[in-house]
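Accompanying notes for the structure given below.
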Amino acid sequence: CLPGSSCVLKETLRVMFVAKSLPAEHKDLIHDVAFDFYGRRMATCSSDQSVKIWDLNEDGEWVCTASWKTHCGSVWKVTWAHPEFGQIIATCSFDRTAAIWEESVSDSGHGVHSTWIKRAGLVDSRTSVMDVKFAPKIQGLQLATCSAGGVVRIYEAPDVMNLNQWSPQYEMNCKLQCSCISWNPSPSRLHSPLIAVGSDDPNPSSGGKVFIYEFSANTHKWTKVETLVTVTEPVHDLAFAPNLGRSYHLLGIATKDVRIIALKPVRQDPTQNNGSTSSLEVRQAGQFDDHGSTVWRVCWNMTGTILASSGDDGCVRLWKANYLDIWKCISTLRGETVENVSEVGTTGGPSQQSGTMAIGQHTARYFKLAPTAHPAHVPWH
Amino acid sequence: RRSSNLGYNAHTIYHHWRLNMSSVRVDVQWSPVAADQFLTWGSDLQLYQVQDIVPSETVQLPRLQLGPKTAASLLSTNNDLQYIKCVAWCPGLETDPSNQLLAVGQANGKVALTTFSKIPDPHGIKGREFIPKHSRPVNSLAWSTQEPQLLSAGLDKIRTDHSVIVCDVTRTSQPPSYAFDQRNSSAGDVMKPLNEFGLAETAHSVAFSLHASRTLIAGMNNKHIKLFDLREGKLCATANTKAVYGICADVHNEHRLASFSENQVSIWDLRSIERPVLYLDATKPITKLSWCPSRVGLLASLSRDSAAVRIYDILHYTHGGEDQEPAVITRSINTDSSTYISAFSWHPTHENRIITASYTGKLVDYNVHERITLNWSATSALMWTNGKKMLQQIDCQHPVYSHFDDISIAIMTRAQKKYGLHVENLATNGEVTDDVSLRNLWTWLDAARSLVLTGNFKLPGGMPYRYQGVWSLMSLSTLSSDVVSRPWIGLEAQKPHFAKVFRCEERSRALELCSWGFENETVLNSFLSQLEATGNHTRAAAVAVFNQRLKQAILILQRGASSKKLPALNSTAMALSGFTEERKGLWRETCVNLRTQLTDPYLRAMFAFLTDDADSYDPVLGETEMAIEDRVAFACTYLSDVRLMEYLEKLNTQLTEEGNLDGILLSGLCSEGIDLLQRYVDLTGDVQTVALVTIHTLQHAMTKDSRLSHWVQSYRNLLDSLRLWNERAQLDVIMNDNKHAERPPQHIYITCNFCKKGISAYIQAPGRPRNPYARFGTGSANKSKMQACPNCRKPLPRCSLCLVHMGTPSGWGSSIPKSSGGEDNAEGDSSTPTSDTAVRRRKLSNFTSWFTWCQTCRHGGHAHHLMEWFKEHTECPVTSCNCKCMSLDTVNKVASSSVSVMAK
């Protein structure tokens, strides 16, 4: 429940499940996992300076089809371009560069091999490149990076057939070290392109840590239209929800807690379209400290209806809004186990609220409802 | 033996009492050799053994619960030594962990060597001591890992003595002639220092260098870090710094050191000791610092009055021979948030395992989680990392997913069930879901569309109907209704009864939209029997009563009682038959009292209507479980103009606010209806339904309201992402059908290789193209034979496999028996053999006869011939062309995973 809102007690029924495991074969910590447009290919990147590509085979198992050293430092993020541009990924690294890679399939005589060829290195940053993201397809082959030095750069491949050439288009200085970046994925021309940038500057007194930039088609410029002043703690990740027809954009933020911010474009009179940027109405839809510690990552499901967050408590939590637009935790994933929290009763008073929330591991009832997928997967209770 | 057991237990309980009651700072350290042992010391030394437990197990004293999976029991206590200042466990390997030497520094300056073993050790080292000339506290102890017999101690300042000493524990000297303190005299041998440094100086911390052998690092006098060469016995380097405390060397990087001052950690590189490589700030004064022995670049620090251990993940790289500025990821680990942590220790071998001790004596065995990264795929699979090297996944088939009750899964399954692709009868689309409001929506859309298409239904004023709702229809003009008295039918009373109803053109239209357009008896009767047929007897009865047909209602209820085996309906019918107009009758009183206890909303509404006194009808209108059309129709019949408009406006606003699709009846599909749909998407995320509604009924508004095209675009994008391309293409067909758009332009043009004139125009079958992609085939007789360019009469290219010219049949169709030909049926919506053959007959030519070619080498042939060829080959079938046609198109990985399997 939102703090301060009147809550109805939900008696919760907890159900335990087991998740499927996949050895990643990286030599060091995995920093990012990215899926392609269809969810059939996956890329992982790691501190071992390499990237691995995984393909889903006929049995629904992930098979590693490529693995190569991409950078001279930890690879922070990996991201896929829309398939209409080809099989392209971008990586960014501690070695101050970002890189564009394209798959090339060849026949070595022993079967078909997929090799990934470096098409371009983006070496403009003088500090670690913390995040890299392709723009939504509608904006062409564009790429945004952000660096620990606080600079957001937007590159474009003017010729989509020539991936060797990426020209820097825009450079925005956020003045604070940047950690993450997200494009508004709305496929509609109804919304002007938006980029959210998060900063992990540790000093709360340096002000808001999330900046929203908007691209104006008239002036051909990116302008900062909003700073979320309510987020002053370091931001480690942020993600725009896929906007499937909603009248507002949802932004998930990983900071010392999980934040969900709704950004509603204020509809303007089309006759007054004089090039000024439209304004955004900012509303906090949720703030949750269930992780009880730093939140590292957030991501949305394809409809933007469930937010997943991971925290230093070693848990992944899933958040979903009910029909009253109140967000709450619907599931906790810890290690291999998935603990589902579903509502049973809807009666009771707010006074009992804290009691149920504190059920924790000790008094929770565990049920195993469904058979596990694999005999070796035994849930622990 | 028995007594010793008892003694052990008694001691343990005493120990717990001590731990809990005393405010002595408890320190903790994992054994360097035994993975399951650790020691604690406050006032005495205690050795613990860790055991795995099942989480459900209750751990009782004397065992201590360390975490969800481990507990500890006390193995041994050593209370020979008092006033312990610091303890260092010898890193050298012993076969018996209990023989592992411990160096204990005491407040009086004595450094004693001891073990937990009960028996004397074979080397006789246990019990040896170093006793300084002057009594002062031992600040720090360190063993050398390279030469485990070397022990160093850092002591407080005294003017006449050294503060840093190094001993070889295997060598002894004669007991000193001076015994400065009788209490400190012991039976053990006394060690003589090998080296002594720091005359009249203070040593805050000491550590052996891992970089150079026999080099000692010491933090001195609050202002220096000094490096001593033990072989030469001299100072070899000095750095000026306040960070003189807690010097520790990184086992994973021999050059790296860490130390702290007040609330700042300094990281040093031994090769350039002049100044720190890196500063790490903490908010409170630091009390302990330690590198993680099992993981590279992980440094943990503890601050005073802190419930969390701070962990710095230091990423360090050299690039092009040049060191880059390291990146640091700072984390806070709360092992137990209830109290402040007094000490911690990294496990020597188990990665990320840490044990903490709190001021209350509580010990927590904790696994520091790796940072979890996660992502969600378009197919609703959630992938996250577990630890360093493991990925975890749940996908939409996973049992937990059904509990999420998420729209993404609903959209996927509905799309697969052809949701929104039924054009003829829109109501069929609703049958895909169990959602009642969606079903009602599609039923309404179907009805409204037929009203639009037939054109018979005219709005008041003669305007054609364009999907208006009741509210938009009513608010077109001001109402002026006539009051009509409608007689009750089938009510046997002395004098005829009348009900006061309102009539006007708008109201009649509205009633029709609610399917209450009972112009004559037959329409009403058919409506009622339809409801009865679907089992809605109470609704039918209520509608009958609302239309003054009491006798009919009673009969309906009786029929319902017998057909649905609900005898209660009979008693309801009985109660209904007693209806009287008497204002103060017993019947009325009873009905009013018992009405609320009825479970069926229609029965409640029926009695509320019959017992209504002041024509307010509020209980009927407030019956929200009643279908919206019945409520609205009731209001349109019985409410006065002012109250009707009030009621409709309120209801419309409320339903729009709730995003309730029932409100479409009121708002229609005008701009207000679009607002309602927008609200529905905002609350549910169901872009599918609104996009489909737009495609079927709102295409005319798409240019005016950009929201509509946003929905359609979003949904088409979603279908593409789900690889439901056929469904998306069908949707596009429906859109273009409704638009009566122009024929889409040809995508591909074919020209003759010789005369460069286009041949496509001649080859296309008459009529509109069935598919935007060019199809070439002459399998059927109704196509003109064309093996040569119609212009220059030169032959068309050959199929590279059968070597006949393009335009001739592949010879495949006849060789395949009709029954097994289903696989080349591209429009695979046929599951039954009958429709399969029907589809085949509709086709002009088989897919097998289509001509296709490689985009790179431009060699080609009949589709089926090529498919057979590329099942076994990757190279082009044309002689001396070594184009790897099959492997060029990497997009095929998306369509089929066969390539990725081959790539294994």
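The chains referred to below are lettered A, B, ... by the order of the sequence lines, with proteins before strands, and numbering in each begins at 1.
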So which of B:Ser408, B:Ala691, B:Ala308 has the biggest tally of heavy-atom pairs under 4.5 Å with chain A? B:Ser408
Need one label for A:Ser309: side chain, backbone, both or neither, based on atoms under 4.5 Å from any heavy atom in chain B. backbone
With A:Lys137, which residues qualify under salt bridge (charged side-chain N to carboxylate O under 4.0 Å, His left out), at least two apart? A:Glu84
One should read off an interatomic distance between B:Ile333 CD1 and A:Asp312 CG, to the nearest 0.5 angstrom, of 4.5 Å
A side-chain contact here means heavy atoms from C-beta on lying under 4.5 Å apart; do A:Arg40 and B:Ser377 qualify? no
Flag side-chain contact, heavy atom, 4.5 Å: A:Ser331 against B:Phe404: yes
So does A:Leu244 get a backbone contact from the side chain of B:Ser714, meaning a donor-acceptor N/O pair under 3.5 Å? no
Contact part of A:Leu318 toward chain B, heavy-atom cut-off under 4.5 Å: side chain, backbone, both or neither? side chain
Heavy atoms only: give me the nearest A:Phe37-B:Ser721 pair and the separation to one decimal. O-OG, 2.7 Å
Below 4.5 Å, heavy-atom pairs only: which of B:Arg679, B:Glu370, B:Gln397, B:Met383 has the largest tally toward chain A? B:Met383
If you round to the nearest 0.5 Å, how far is NE2 of A:His82 from CG of B:Asn717? 6.0 Å
Answer yes or no: is there a side-chain heavy-atom contact under 4.5 Å between B:Glu658 and A:Tyr323? no
For the backbone of A:His31 and the side chain of B:Thr373, can you confirm whether one donor and one acceptor N or O come within less than 3.5 Å of each other? yes
Under 4.5 Å from any heavy atom of chain B, what part of A:Trp300 do you find: side chain, backbone, both or neither? backbone
Where on A:Ala308 is there a heavy atom nearer than 4.5 Å to chain B: the side chain, the backbone, both, or neither? both
Point-to-point distance, once rounded to the nearest 0.5 Å, from CD of B:Gln713 to CD1 of A:Ile138: 7.0 Å
Leading residue by heavy atom contact count with chain A [cutoff under 4.5 Å; candidates B:Asp406, B:Val681, B:Val687, B:Val690]: B:Asp406
With chain A as the partner, which of B:Ile394, B:Thr379, B:Thr385, B:Leu374 has the greatest number of non-hydrogen pairs under 4.5 Å? B:Leu374
Donor-acceptor pair, side chain of A:Asn301 and main chain of B:Ser380, under 3.5 angstrom: no
Closest non-hydrogen atom pair between A:Asp28 and B:Lys389, with its separation: N-CE, 4.4 Å
Any chance you could lay out the side-chain contact (heavy atoms from CB on, under 4.5 Å) test for A:Trp62 and B:Gln393, step after step, and finish with the verdict? CA-CA 10 Å; A:Trp62 289 102; B:Gln393 176 186 256; 2.8 Å; yes
Note, A:Met302 side chain near B:Leu722 side chain (heavy atom, < 4.5 Å): yes
State, yes or no, whether a side-chain contact exists between A:Leu333 and B:Leu382 at a heavy-atom distance under 4.5 Å. yes
Does a side-chain heavy-atom distance below 4.5 Å link A:Arg334 with B:Asn386? no
Quick one: what part of B:Ile329 sits under 4.5 Å from any heavy atom of chain A, side chain, backbone, both or neither? side chain
What are the two closest heavy atoms between A:Thr305 and B:Gly685, and how far apart are they? CG2-CA, 4.3 Å
Between A:Ile306, A:Ile30, A:Thr294, A:Asp32, which has the largest tally of heavy atom pairs under 4.5 Å with chain B? A:Ile306
Looking at every non-hydrogen atom in both residues, tell me the closest pair between A:Trp296 and B:Thr330 and how far apart they are. CH2-O, 3.7 Å
Under a 4.5 Å heavy-atom cut-off, does chain A meet the side chain of B:Asp281, its backbone, both or neither? neither
Let me know if A:His191 has heavy atoms under 4.5 Å from chain B in its side chain, its backbone, both or neither. side chain
Sequence-distant partners of B:Asp682, side chain to side chain contact (heavy atoms under 4.5 Å, CB included), two or more places apart: A:Arg246, A:Ser247, A:Tyr248, B:Gln678
Less than 4.5 Å to any heavy atom of chain B: does that hold for the side chain of A:Asp313, its backbone, both, or neither? backbone
Of all heavy-atom pairs between A:Leu307 and B:Trp376, which one has the smallest distance, and what is that distance? C-CZ3, 4.2 Å
Can you tell me how far apart CE (B:Met390) and CG (A:Leu22) are? Round to the nearest 0.5 Å. 8.0 Å
Tell me whether B:His398 contacts the main-chain N or O of A:Val18 through its side chain, where contact means a donor paired with an acceptor under 3.5 Å. yes
Pairwise distance NZ(A:Lys20) to CG(B:Asp395) - rounded to 0.5 angstrom: 5.5 Å
For B:Ala378 and A:Tyr38, the nearest pair of non-hydrogen atoms, with its separation, is CB-C, 4.1 Å
Could you grab the distance from atom OG1 of A:Thr303 to atom CG of B:Leu718, nearest 0.5 Å is fine? 7.5 Å
